[in-house]
Amino acid sequence: MWCYYRDVTLYGLMGCMLPALSTYGLYDSWNAWLLQCIIMFGLFGTALGILGYSYFQKQQYYVYYNLGFTRKRLWLISWRTNLIISVLFLLIVRFFGS
Amino acid sequence: MKKLSVIALSKRFGKHHVLDAIALDLAQGQIVGLFGRNGSGKSTLLQILFGVSPANTLDLRYNDQKITPKTLIRSQILGCLPQQSFLPKHMKVRDVIPLFHPQSETQDRIFYAPHIPNIVHQKIGALSLGQARYLEVLLLLHLPHQFLLLDEPFSMIEPKYKEAIKEIIISLKAKKGILITDHYYQDVLDISDRNLVLTKGKLHQADTISALQEMGYLGTASS
């Protein structure tokens, strides 16, 4: 499960990096830009990651099926984990960011 | 003795009935061979049973209780070896074995299986197709699942590895029900209890070479 989560999150981060970098100049502060990046990753990162995984590593789903994970369960765990991490980062940046 | 039964299974691609009212029984302690020409629907049948591909009709029973393929996956009752290689190529053999088998006893059985000590430090991507296939088959066969679907377990595998696989399948037979499909029909016939041929969307019993010839799977010159 950890391998799946790691791969999906890496694809998700890569997928979010391009729009994040392209909008860097539109924000007044680094903090506001970072908040937007975290929100973008929290909302779309996992979906992009799943798309990337399904395109490049589709066959590896069989590893997880054979270990008792359905595709839906894998998606749900990854999405929930990334959402929680995004909310935590949002709070950290919001309250402790300069 | 556990039993997995397909009461009715149908699959259409447009107007073409690939699988037409298929019925099949698989019991623990049984090895069933499934043959069919290319494109006859063997892999599709296995994918539907494993829940990877949708069916137009599917009535599946586990010990006479209705069950869905997703429940079979979640409960780890059914395992499947797909036709294509499925192991992560960046991982080393020594890391993949514990991923599938956390119990040290089972790990040891795979680590010390014939030919595995020679490849244990290699990455999956660096293995030959035959070595990777052999490893996949070993990982699957040692899972605790009661039923296994094996799609071409002998393809690209050298004779020595084949013999090792056949020995392991036979040694695990009492605990598992195994459905095997492979064009290396002699290897399948060596270990199977009964055999089926898929032609024109229907399953037919064919336990001998001559029956396979009659069903049009083998040419008359095959022996």
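Chain A is the first sequence line, chain B the second, and so forth, proteins listed ahead of strands; every chain is numbered from 1.
- Salt bridge present: B:Lys173 and B:Asp193 bring a charged side-chain N and a carboxylate O closer than 4.0 Å.
- In this structure, B:Asp59 contributes its side chain and B:Ile7 its backbone to no donor-acceptor pair below 3.5 Å.
- A cation-pi contact links B:Lys162 to B:Tyr184, judged by a cut-off of 6.0 Å to the six-membered ring centre and 45° from its axis.
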### Message
One pair to check against side chain to side chain donor-acceptor pair (under 3.5 Å): B:His183 and B:Asn38. What are the steps and the verdict?
### Response
CA-CA 9 Å; B:His183 288 304; B:Asn38 291 331; 2.9 Å; yes
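- Contacts of B:His101 with chain A are absent, with no heavy-atom separation under 4.5 Å from either backbone or side chain.
- Heavy atoms closer than 4.5 Å to chain A are found nowhere in B:Val96, neither backbone nor side chain.
- The ring of A:Tyr61 has its center closer than 6.0 angstrom to the ring center of A:Tyr4.
- Only the side chain of B:Leu143 comes within less than 4.5 Å of a heavy atom in chain A; its backbone stays farther off.
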### Message
If you apply the rule side chain to side chain donor-acceptor pair (under 3.5 Å), what do you find for B:Asp151 with B:Ser43, and how did you get there?
### Response
CA-CA 7 Å; B:Asp151 197 349; B:Ser43 295; 2.7 Å; yes
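- Looking at A:Tyr65, the atoms closer than 4.5 Å to chain B (heavy atoms on both sides) sit in the backbone and in the side chain alike.
- Taking B:Pro88, B:Ser75, B:Gly79, B:Gly51 one by one and counting their heavy-atom pairs under 4.5 Å with chain A, the maximum is reached by B:Pro88.
- For chain A, the nearby parts of B:Gln84 are the backbone and the side chain; heavy atoms of each come within less than 4.5 Å.
- When heavy atoms are compared at a cutoff of 4.5 Å, B:Ile77 does not approach chain A at all.
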